[in-house]
Amino acid sequence: MNVLVINCGSSSLKYQVINSDTEEVLAKGLCERIGLDGRLVYQKAGGEKEITEADMPTHKQAIQMVLDALINPNTGALKSLDEIGAVGHRMVHGGEKFACSTILDEEVLKAVEECNDLAPLHNPANLIGVRACQELMPHVPMVGVFDTAFHQTMPEKAYLYGIDYDYYEKYKVRRYGFHGTSHSYVSKRAAEMLGRPYEELKTIVCHLGNGASICAVQNGQSIDTSMGLTPLEGLIMGTRSGDIDPGAMEYLAKKEGLDLEGVLSVLNKKSGVQGLSHISSDFRDLEAAAAKDDPAGIRALDTYNYRVAKYVGAYTAAMNGVDVICFTAGVGENGPNTRKGICDYLGYLGIELDEEANLVRGEEKIISTPDSKVTVICLPTNEELAIARETVALVNG
Ligand code: AMP
């Protein structure tokens, strides 16, 4: 079956068509600047990237352009839209309602809508994408794969905050965690690579991209993760602060004359390694600066690595040990210096990094020595493939 995987944001949309039998990507691309001037990027497997500038005032028009590109007689990957057997949608927040992926019928869509308050930037955009696909492909089954679902196995002690329990009962204020599809895919794949039973491993997945989170996976289940009610908590990220004393928000608000929205904008958009360095949120720029002994670049990278290492320590304690540590996403897959900088803190776990193997970028590879007490792996994530697999499993029932 061919699955169209859609990841719909407020002004952009990423897509892939995956043949679920061969797991081959037949075509992929994105729509940018939806609602503004519009730009479609389309690439058929083995083909060149095609870029089309065209008005796409709504998500429906954007998806229509994607579908037209997919069946274009010259460069299309498909002969007709009948070749799309299902659509898998990345959904950001499923609250406590969704502990696994689900077929998107009207009742489910209503339940997703009820989670909108929890992710006001993301969920409405996801829903717009689903509605647009439903209109354009009314007979094709739609599946929702939630970023939060994998973490629904967390025990109460991991997901509760130390605040009045009424806030949990009334408003469901708690840790949800994100990047669940990636943490699930990577932890499973690590077990496969090692030929070990997934249900017996203690794995820590470091998803280090522009957004970053870390997850403790014990016996095949997420037992703790660093992002919280929103994706702002936890690790230092590209532009997000991660953990910070909530009292600092009031202090900053007074000093800078900001309201709550203003402070949150600072924490989401002007913090992280970007804010720490004043150089960039991109680790390539930071590493180039650090290589020239620029103290701002060094400061940002040191602070970042230290925070990740602290979480690894915490999750090792939570699981009473760790067998495998995986590095994934943009920085995790492509940043040997970051991986080494983090592992340098972890000698107490008996970790020995194979410095030569650690030079790998974007490929699955064990980067610890055979003697290392914990296996460390560079393991590219593949959220689209994970979504396609979940979609097919549900549609085939
Ligand atoms: P993601 O959100 O997973 O797409 O990750 C994006 C981030 O990965 C970028 O902002 C970069 O900081 C980082 N990244 C991508 N390529 C490299 C590289 N070759 N070396 C270091 N960091 C990289």
Side-chain angles (χ1 to χ4, degrees), residues 5 7-16 25 28-30 32 41 43 90 92 121-122 147 177-187 189 205-215 225-227 230-232 234-242 268-292 294 296-305 307-308 326-343 353 355 357-365 367 377-387:
V5 176
N7 180 353
C8 195
S10 55
S11 67
S12 69
L13 178 159
K14 288 190 210 143
Y15 65 91
Q16 282 193 8
V25 177
K28 64 179 179 182
L30 70 155
E32 292 173 300
V41 180
Q43 189 174 23
R90 177 190 181 216
V92 170
L121 293 180
H122 294 101
D147 248 26
F178 297 86
H179 296 138
T181 310
S182 174
H183 289 302
S184 161
Y185 171 87
V186 169
S187 54
R189 182 74 199 119
V205 179
C206 305
H207 178 112
L208 311 178
N210 201 22
S213 73
I214 181 161
C215 179
T225 191
S226 58
M227 282 180 167
T230 76
L232 186 53
L235 302 178
I236 294 171
M237 309 183 208
T239 64
R240 291 187 210 134
S241 63
N268 272 306
K269 298 186 185 147
K270 296 182 185 160
S271 300
V273 289
Q274 162 76 60
L276 277 166
S277 67
H278 293 166
I279 295 171
S280 168
S281 62
D282 192 307
F283 277 63
R284 287 163 284 201
D285 301 332
L286 297 172
E287 287 190 2
K292 289 187 202 139
D294 180 333
I298 294 170
R299 168 174 72 221
L301 293 172
D302 278 353
T303 316
Y304 180 92
N305 293 346
R307 176 79 57 92
V308 179
C326 303
F327 287 100
T328 195
V331 185
E333 292 165 22
N334 299 297
N337 293 334
T338 300
R339 293 191 297 248
K340 176 167 168 22
I342 294 163
C343 288
L353 206 61
E355 306 239 344
N358 183 43
L359 297 176
V360 69
R361 288 175 197 268
E363 273 173 51
E364 287 182 356
K365 190 164 189 149
I367 57 171
I377 310 182
C378 170
L379 211 168
T381 192
N382 195 338
E383 287 163 289
E384 291 78 12
L385 178 58
I387 292 173

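When reading the values below, keep in mind they use all heavy atoms of this one structure, side chains included, and skip hydrogens, waters and symmetry mates. Ligands are counted one by one from 1 in listed order, and the atoms in each one are counted from 1 as well. Everything quoted here is computed from the prediction, not taken from an experiment. For the single chain, residues carry numbers from 1 onward in sequence order.
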**Asked** Is there a side-chain contact between V5 and K28, using heavy atoms and a 4.5 Å cut-off?
**Response** no
**Asked** Relative to the heavy atoms of V331, which atoms of ligand 1 are at a distance of less than 4.0 Å?
**Response** 8 (O), 12 (O), 13 (C)
**Flag side-chain contact, heavy atom, 4.5 Å: V308 against C206** = yes
**Message:** Please list the nearest protein heavy atom to atom 9 (C) of ligand 1 with its residue and the distance rounded to 0.1 Å.
**Reply:** D282 OD2, 4.0 Å
**Asked** Just by modelled atom types, is the G272 backbone N or O under 3.5 Å from a matching donor or acceptor in the T239 side chain?
**Response** no
**Request:** Among all protein heavy atoms, pick out the one at the shortest distance from atom 22 (N) of ligand 1; state its residue, atom name and that distance to 0.1 Å.
**Result:** F283 CB, 3.6 Å
**Request:** Please indicate, with yes or no, if any protein heavy atom is found under 4.0 Å from atom 3 (O) of ligand 1?
**Result:** yes
**Asked** Are any of the N or O atoms of G335 closer than 3.5 Å to those of ligand 1?
**Response** no
**Prompt:** Looking only at distance, does G209 have an N or O less than 3.5 Å from an N or O of ligand 1?
**Reply:** no
**Asked** How many angstroms lie between CG in L379 and OG1 in T328, if you round to the nearest 0.5 Å?
**Response** 6.0 Å
**Request:** Please answer whether the main-chain N or O of F327 pairs with a side-chain N or O of R339 as donor and acceptor at a distance below 3.5 Å.
**Result:** no
**Fill in**
Within 4.0 Å of some non-hydrogen atom of N210, the atoms of ligand 1 are 1 (P), 2 (O), 5 (O), 6 (C)
**Request:** Using a 4.5 Å cut-off on heavy atoms from C-beta on, say whether the side chain of S241 contacts that of L232.
**Result:** yes
**Asked** Do the non-hydrogen side-chain atoms of P231 and R240 ever get within less than 4.5 Å of each other?
**Response** yes
**Prompt:** Atoms of ligand 1 less than 4.0 Å from N334 heavy atoms?
**Reply:** 16 (N), 17 (C), 18 (C), 19 (N), 20 (N), 21 (C)
**Message:** Could you check whether any side-chain heavy atom of K340 comes within less than 4.5 Å of a side-chain heavy atom of C343, counting everything from C-beta outward?
**Reply:** no
**Request:** Number the atoms of ligand 1 from 1 as they appear, then name those within less than 4.0 Å of a heavy atom of A329, with their elements.
**Result:** 3 (O)
**Taking atom 5 (O) of ligand 1 as the reference point, the nearest protein heavy atom with its distance** = G330 CA, 3.3 Å
**Message:** Quick check: E287 and ligand 1, any N/O pair under 3.5 Å apart?
**Reply:** no
